[in-house]
Amino acid sequence: VVFTSDNGSYVAGSNGELTGRKTTLWEGGIREPGLVRWPGHVKPGTVTGEPAGLVDLLPTVCDVVGAKVPSDRTIDGVSLLPLVTQGKKLDRPHPLYWFYSPSRPVCVIRDGDHCLIADPSLDLPRANFFKEETIGPVKETELLNFRLYDLRKDPGQKRDLAKENPELLESLKAKMLALHADVVAEAFDWRKVQK
């Protein structure tokens with residue numbers, strides 16, 4: 001049994017020291033607990049702070065049942081099996097990635113203890129729903145106003161480390177831009193569908 005949420009709470013104060021809330025890409029909007037119960041495989045009471053995402057569920061289920069992860073599409077997640085059954089750190093080929101057009105920031109990546117956030121260059125619609133015509137600006141926007149945080153030392157995202165760590169900033173920025181370009185290229189353009 002896997003139990004989790006897809007985002008943080010709307011309720012004031014329930015996200016503790018974390019900045020943001022549900023529908024934002026600050027930690028208060030995307031960080032939430034998850035529970036796994038698998039008798040005989042996951043030791044009861046095991047706790048980890050290793051970041052994971054819902055994108056990891058498909059590779060995990062494939063690993064559990066001995067199926068191959070689909071190779072005809074981009075799979076962003078990794079199997080959580082080594083983490084939950086053996087306590088091993090995850091071997092992630094690229095950072096966790098989020099993009100949500102109504103949020104400001106609009107994009108965030110998590111790489112180890114660090115996260116990088118960015119805003120859109122275009123004024124994307126802020127409504128909490130998606131309309132077909134909004135895919136154009138979503139595919140066309142660039143990312144700007146990059147901010148860097150060490151989430152282990154600063155989970156509330158109060159201290160931007162971008163100016164203090166220019167090399168790390170540039171490294172994470174390159175990763176974010178590459179991931180964003182891949183996601184945008186793969187995103188279906190509903191404007192091209194004949195009605």
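What you see is a predicted model; the values in this text were computed from it and never measured. Heavy atoms only: backbone and side chains are in, while hydrogens, waters and symmetry mates are out.
V183 and L177 fall within the same hydrophobic cluster, where Ile, Leu, Val, Met, Phe, Trp and Tyr residues are linked whenever their side-chain heavy atoms come under 4.5 Å apart, directly or through other members. Taking hydrophobic clusters as Ile, Leu, Val, Met, Phe, Trp and Tyr residues chained together by side-chain heavy-atom distances below 4.5 Å, V55 shares a cluster with L25. Linking ILVMFWY residues whenever their side-chain heavy atoms come closer than 4.5 Å, directly or via other members, leaves L90 and Y97 in distinct clusters. Hydrophobic clustering (ILVMFWY, side-chain heavy atoms < 4.5 Å, transitive): L57 and V69 are in distinct clusters. At a threshold of 4.5 Å between side-chain heavy atoms, the hydrophobic network of Ile, Leu, Val, Met, Phe, Trp and Tyr places L122 and L143 in one connected group.
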> Can you check side chain to side chain contact (heavy atoms under 4.5 Å, CB included) on N165 and L148, steps first, answer last?
Replying inline: CA-CA 9 Å; N165 296 283; L148 174 66; 4.0 Å; yes
>> Could you go through K89 and L83, starting from their C-alpha distance and side-chain angles, then the distance that decides it, and tell me whether this counts as side chain to side chain contact (heavy atoms under 4.5 Å, CB included)?
In response: CA-CA 6 Å; K89 289 190 72 72; L83 174 68; over 6 Å; no
>> Test side chain to side chain contact (heavy atoms under 4.5 Å, CB included) on T4 and L54; report intermediate values, then the result.
In response: CA-CA 9 Å; T4 189; L54 293 176; 3.6 Å; yes
> Passes salt bridge (Lys or Arg N to Asp or Glu O under 4.0 Å), D63 versus K68? Steps please.
Replying inline: CA-CA 7 Å; D63 200 6; K68 291 188 179 201; over 6 Å; no
>> Applying salt bridge (Lys or Arg N to Asp or Glu O under 4.0 Å) to K175 and D111, what does each step give before you reach the verdict?
In response: CA-CA 9 Å; K175 290 178 182 183; D111 195 10; 2.7 Å; yes
>> For a side chain to side chain contact (heavy atoms under 4.5 Å, CB included) check, start with the C-alpha distance between T46 and V84, then their side-chain angles and the critical distance, and finish with the verdict.
In response: CA-CA 8 Å; T46 300; V84 298; over 6 Å; no
>> The test is salt bridge (Lys or Arg N to Asp or Glu O under 4.0 Å); show your working for E164 and R159 and say whether it passes.
In response: CA-CA 10 Å; E164 296 173 36; R159 186 167 175 230; 2.8 Å; yes
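A side-chain donor-acceptor contact under 3.5 Å links D56 to the backbone of G53. Checked by atom type and distance alone, the side chain of N15 never pairs as donor or acceptor with a backbone atom of G29 at under 3.5 Å. A donor-acceptor pair is defined here as one N or O able to donate and one able to accept, closer than 3.5 Å; such a pair exists between the side chain of R104 and the backbone of S101. With R110 contributing its side chain and L96 its backbone, the two residues share no donor-acceptor pair below 3.5 Å. Listed for the R147 side chain is a donor-acceptor partner under 3.5 Å among the backbone atoms of N145. Within the 3.5 Å criterion, the main-chain N or O of E27 finds a donor-acceptor partner in the side chain of Q157. A donor-acceptor pair under 3.5 Å is formed between the side chain of S14 and the backbone N or O of V11. With hydrogens and angles disregarded, no donor-acceptor distance shorter than 3.5 Å links the side chain of T19 to the backbone of W26. T24 places no side-chain N or O within donor-acceptor distance of the main-chain N or O of S103, the cut-off being under 3.5 Å. Side-chain N or O atoms of K139 include one that pairs as donor or acceptor with a backbone N or O of V184 at under 3.5 Å.
Within 6.0 Å of CD in E140 there are more than 12 heavy atoms belonging to other residues, nucleotides or ligands. Remark: E167 CD is loosely packed, at most 12 non-hydrogen atoms of other residues, nucleotides or ligands lying under 6.0 Å away.
Residues that satisfy the ring-ring contact (aromatic ring centres under 6.0 Å, His included) test with F99, not counting sequence neighbours, are H180. Residues that satisfy the ring-ring contact (aromatic ring centres under 6.0 Å, His included) test with H41, not counting sequence neighbours, are W38.
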